[in-house]
Each structure stands twice: as structure tokens, then as C-alpha cells.
Amino acid sequence: MTKKLRFVTDKTAVLIITSVNRRYLTGFSSSLGYLLLTNKANFLFVDGRYIEAAQKQASNATVLKLENIAEQLNKIFKEQETQKLLIEVENDISTFTYLKKALIVKVSASAALSERLKALRSIKTSAEVDCVIAAQRIAERAFEEILNFIRVGVTEREIAAFLEYKMKSFGSEGFAFDTIVVSGKNSSMPHGVPTDKPIEAGDFITMDYGAVYGGYLSDMTRTVAVGHVTDEMNDVYNTVLKAQEAVIKVVKQGITCGEADKAARQVIENAGYGEFFTHSTGHGVGLEIHETPNLRSGENNQKLRAGQIVTDEPGIYLPEKFGVRIEDMLLIGKNGCKNLTKAEKRLIIL
Ligand code: GLY
Ligand code: MN
């Protein structure tokens, strides 16, 4: 295992069941499987659908055909005189109950193990950063294309479908999450679902979407206008942009997540829109769309660390009027951050 877990000892083994952590530790992705880590060896159990691919891709574990997992684990535990097994707390209760009953060792769901994996996953290697950037470049190419597609009369759903079609065409392995496209009054709902509403002149359109490359996700949001904007729309847009840029100026290793959030929130509060910024400022991104850390108000125990990738996505949402969100991904460094997002942020009026 390239990433040694201190939880594994002579007497204690670790069983990784969640697909995201199995993927992280072995480099091999499968919907079902078990990764057993012991002091002597690592075993990846997968069923017949995955055996060949796993043998090629999971270079740091012995790949075994999954048959009866309890019997297979018990055999290893006997051979290695294992006494205890730790599993992640994210497993459902039926998995935990089954293992507890069927295994000859003491089974515990370990919050410390889960936290350690989250912390490890939050610091990206350069290969992981390259995957996130590759995903982001795909999303940006789709953004360039969407600017030529958007016009009065096309629907939110058509815009979402076009973005997804373009991302797939440009090499995305899937979508980071359900694409959000909201326009006009709908844009005051930060995570609204695209509808059949046609775009009208004077609408803001918020598009929040991401691509996938090498298993890693990207996340970006842009808000564009169609036809014209009011003074209020202009003011809100520029306030969000200022807030978003304030975060870029302050984030670096050592500042707290609360301080990063405050940089954005302060700008929006000073402009009088504080109550309309209704979510946290950002989150980690990697194999999952929401990872550690969480840039939220008052989160002062957690400090940012070099190598983390976080989103920076303040927004202002005026109910029954419109909303604006702008989102980039930032790679935290020792003395500042690198913006991984290159798409235009000045207000685009189509
Ligand atoms: N961009 C989707 C999210 O952050 O939840
Ligand atoms: Mn996001």
C-alpha cells in the first residue's frame, strides 16, 4: 500500500468496503469489493466481473475472487492470528451486523479510521491534481461552446443536456453531479433542477457542473446574462465576484476554513446582502464532489493544508428575483493558492 495506515498492526486488520476508499487506496474502481489490509499483505476481493481489470490495475494488493467474504476473511484471520477488524463508519448497519456475526474477530466501526482516510484524501498528489485539472479543462471547453448555444427560447433542460453532451464528447468519463442550470427567477434557488422554462431576455442563467477524468471530479459555476441586466443585477454580480476574489487573495496553508469563509461573507455583508448568502463558501473536491475540508462559517478548528483542492463559490440569492454564484477550484499552497479554473469571470451578457 502506498499510503500506509497506522491502524494496521500485527493483531488488527482493516477492511475497506466503501467504493471511494477502495478506489483511493488501490487505484481500482468497482461498485462492489472488499480491501483487506493486514500487517503482512493486502487483499482485494472482487467478483468475476472485475477480476481481470483488478489484476491489471490494483498493483498494490493481491487480487482474489470474491466468493463467501466471511469464510475468506476468517481463513486469513486464522493464518495471521488477527484479533480485531476495523471498518469505516460509513458502512450501513446491515453490513456491520453481518460482519460482526460472521467473523471470528472483534469488529469495530472506527471513526478515527474514516477521519484519517478523509484527511489523506484531502491532500492531493500531483497526479491527482493533474486529473482534476484535466476534468476542469473539459468543463471549460463545454463552457465556451455553451456561450454560442444559449439564446432566448432554449430551455434550462436543453442547456444542461448540451453541457453534458459536450463534456462527454470532450472526454469526460461521466458527470461530477447532476448538472444545475437555473434561469431568471429560478436562479434564486442555489441548487435548483433544470426545467423546461425557456430563457428570456433579462435572465441570469447560473450553470453549475463538472466533468470527470481519471476518476477525479471538477466543479465550476458561472452565471451569465441574456440581453440586458438591471443595475441591481449588475451590483449583485459584482459583489459576488468581489467576494469570490477575496477568498483567492487570503487562502493558503494555515488559515482556518472559517477565515476563508469569512473573506467572502464579509464582502457580501458589507454590500448589504449578507442574509442572501445562504450556504458555505466552499468544499474539498476529488474522487467525490464534497470532500474535506469544508469552508464554512465558524469552522475555526480546521486549518487549510497545502495540496488541498477547494471550491470558492459564494453566491447571492434574492427570492423571486434572481441569484448569482461564481465558483472556481483553488489548489492550496504554502504561501497562497493556484486557481485551477480559467473560464472568464467578468459578467458575460449574451
Ligand atoms: N457544485 C455542486 C456543489 O457544490 O454542491
Ligand atoms: Mn461546488
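Everything numeric in this text was worked out from a predicted model, so none of it was measured.
Counting heavy atoms of neighbouring residues, nucleotides and ligands inside a 6.0 Å radius, atom NZ of K242 does not exceed 12 of them. Taking a 6.0 Å sphere around NZ of K185, one finds it holds 12 or fewer heavy atoms contributed by other residues, nucleotides or ligands. For K124, the NZ atom is densely surrounded, since the number of other residues' heavy atoms within 6.0 Å is greater than 12. Other residues, nucleotides and ligands contribute only 12 or fewer heavy atoms inside 6.0 Å of the NZ atom of K65. Counting heavy atoms of neighbouring residues, nucleotides and ligands inside a 6.0 Å radius, atom CG of N68 exceeds 12 of them. In this structure, K100 places its NZ atom where more than 12 heavy-atom neighbours from other residues, nucleotides or ligands lie under 6.0 Å away. More than 12 heavy atoms of other shown residues, nucleotides or ligands fall within 6.0 angstrom of atom CD in E67. No more than 12 heavy atoms of other residues, nucleotides or ligands sit less than 6.0 Å from atom CG of N335.
D261 and R296 are not joined by a salt bridge, as no carboxylate oxygen comes within less than 4.0 angstrom of a charged side-chain nitrogen. Under 4.0 Å is where a charged nitrogen must lie from a carboxylate oxygen, and between E144 and R141 no such pair does. Using a cut-off of 4.0 Å between Lys/Arg side-chain N and Asp/Glu carboxylate O, E140 and K342 are scored as not salt-bridged. Under 4.0 Å is where a charged nitrogen must lie from a carboxylate oxygen, and between E79 and K75 at least one such pair does. The pair K118-E115 counts as a salt bridge, with a side-chain nitrogen and a carboxylate oxygen less than 4.0 angstrom apart. Looking at D328 and K338, no side-chain N of the basic residue comes within less than 4.0 Å of a carboxylate O on the acidic one, giving no salt bridge. Salt bridge status for E232 with K321: present, with a side-chain N to carboxylate O gap under 4.0 Å.
Of all the heavy atoms in V152 and A201, the pair that sits closest is CG2-N, 3.8 Å. Closest approach of A260 to L295, counting heavy atoms only: CB-CD1, 4.1 Å. For I248 against C337, the heavy-atom pair with the smallest separation is O-SG, 3.6 Å. When all heavy atoms of M220 and A139 are compared, the closest pair comes out as SD-CB, 4.0 Å. A pairwise comparison of heavy atoms in L44 and A58 identifies CD2-CB, 3.7 Å as the closest pair.
Because its NZ or CZ atom is not both nearer than 6.0 Å to the ring centre of F7 and within 45° of the ring axis, K84 does not count as a cation-pi partner of that residue.
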Practice task
List the steps and the verdict of side chain to side chain contact (heavy atoms under 4.5 Å, CB included) for D231 and N234.
Solution key: CA-CA 5 Å; D231 289 347; N234 211 28; 5.5 Å; no
Handout entry: Stepwise side chain to side chain contact (heavy atoms under 4.5 Å, CB included) test for I159 and I199
Key = CA-CA 10 Å; I159 293 171; I199 302 305; 3.8 Å; yes
Practice task
Could you walk me through whether H290 and F177 pass ring-ring contact (aromatic ring centres under 6.0 Å, His included), step by step?
Solution key: CA-CA 10 Å; H290 294 139; F177 50 89; 7.7 Å; no
Exercise for the section: Just do the side chain to side chain contact (heavy atoms under 4.5 Å, CB included) check on M207 and V224 with the steps written out, would you? Expected result: CA-CA 8 Å; M207 296 168 280; V224 300; 3.9 Å; yes
Handout entry: Trace of the side chain to side chain contact (heavy atoms under 4.5 Å, CB included) decision for L15 with L99
Key = CA-CA 10 Å; L15 187 67; L99 293 174; 4.0 Å; yes
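A donor-acceptor pair is defined here as one N or O able to donate and one able to accept, closer than 3.5 Å; no such pair exists between the side chain of S187 and the backbone of I205. R222 places no side-chain N or O within donor-acceptor distance of the main-chain N or O of F143, the cut-off being under 3.5 Å. Between the H191 side chain and the I180 main chain, no donor and acceptor come within less than 3.5 Å of each other. Under the 3.5 Å distance criterion, the side-chain polar atoms of T223 are matched with a main-chain donor or acceptor of R325.
For the residue pair E299 and N294, no side-chain donor N or O sits within less than 3.5 Å of a side-chain acceptor on the partner. Checked by atom type, the side-chain pair E313/T221 shows no donor-acceptor distance below 3.5 Å. Residues T155 and D196 have side chains that never bring a donor and an acceptor to within less than 3.5 angstrom of each other. N186 and S183 share no donor-acceptor pair across their side chains, judged by distance under 3.5 Å alone. If you check the side chains of Q80 and T38, you find a donor sitting under 3.5 Å from an acceptor. Using modelled atom types, one finds a donor on one side chain and an acceptor on the other under 3.5 Å when comparing S30 with R22. A donor and an acceptor atom, one from each side chain of E88 and S114, are nowhere located under 3.5 Å apart.
Applying the salt bridge (charged side-chain N to carboxylate O under 4.0 Å, His left out) test to residues at least two apart or on different chains, the pairs with a partner in residues 42-63 are D47-R49, E52-K56.
No path of Ile, Leu, Val, Met, Phe, Trp and Tyr side chains, each step under 4.5 Å between heavy atoms, connects M329 with V250, placing them in separate hydrophobic clusters. Residues Y209 and F170 are members of one and the same hydrophobic cluster, defined by side-chain heavy-atom contacts under 4.5 angstrom among Ile, Leu, Val, Met, Phe, Trp and Tyr. L241 and L330 are not part of a single hydrophobic cluster, where members link through side-chain heavy atoms under 4.5 Å apart. Residues F277 and V240 share a single hydrophobic cluster, defined by chaining ILVMFWY side chains whose heavy atoms lie under 4.5 Å apart. Transitive grouping of hydrophobic side chains (ILVMFWY, heavy atoms separated by less than 4.5 Å) keeps L85 and L113 in distinct clusters.
Distance OG1/T239 to CD/Q244: 13.0 Å, rounded to 0.5 Å. E128 CD to Y24 OH: the interatomic distance, rounded to the nearest 0.5 Å, is 5.5 Å. Here the straight-line distance linking atom CZ of F96 with atom OG of S108 works out to 6.5 Å at 0.5 Å rounding. Atom CG of D203 is separated from atom NE2 of H228 by 8.5 Å, given to the nearest 0.5 angstrom. Interatomic distance, L37 CG to L86 CG, rounded to the nearest 0.5 Å: 10.5 Å. The line from CG of L5 to CG of L120 is 6.5 Å long, rounded to the nearest 0.5 Å.
Among the candidates E173, M167, K168, the single residue satisfying the side-chain contact (heavy atoms from CB on, under 4.5 Å) test with V212 is E173.
Every residue two or more places apart in sequence or in another chain that forms a ring pair (Phe, Tyr, Trp, His ring centres under 6.0 Å) with F149 is listed here: F162.
At a threshold of 4.5 Å between non-hydrogen side-chain atoms, the residues T179 and P194 do not count as touching.
Using bins of under 30°, 30° to 60° and over 60° for the plane-to-plane angle, the ring pair Y237/F204 lands in the tilted bin.
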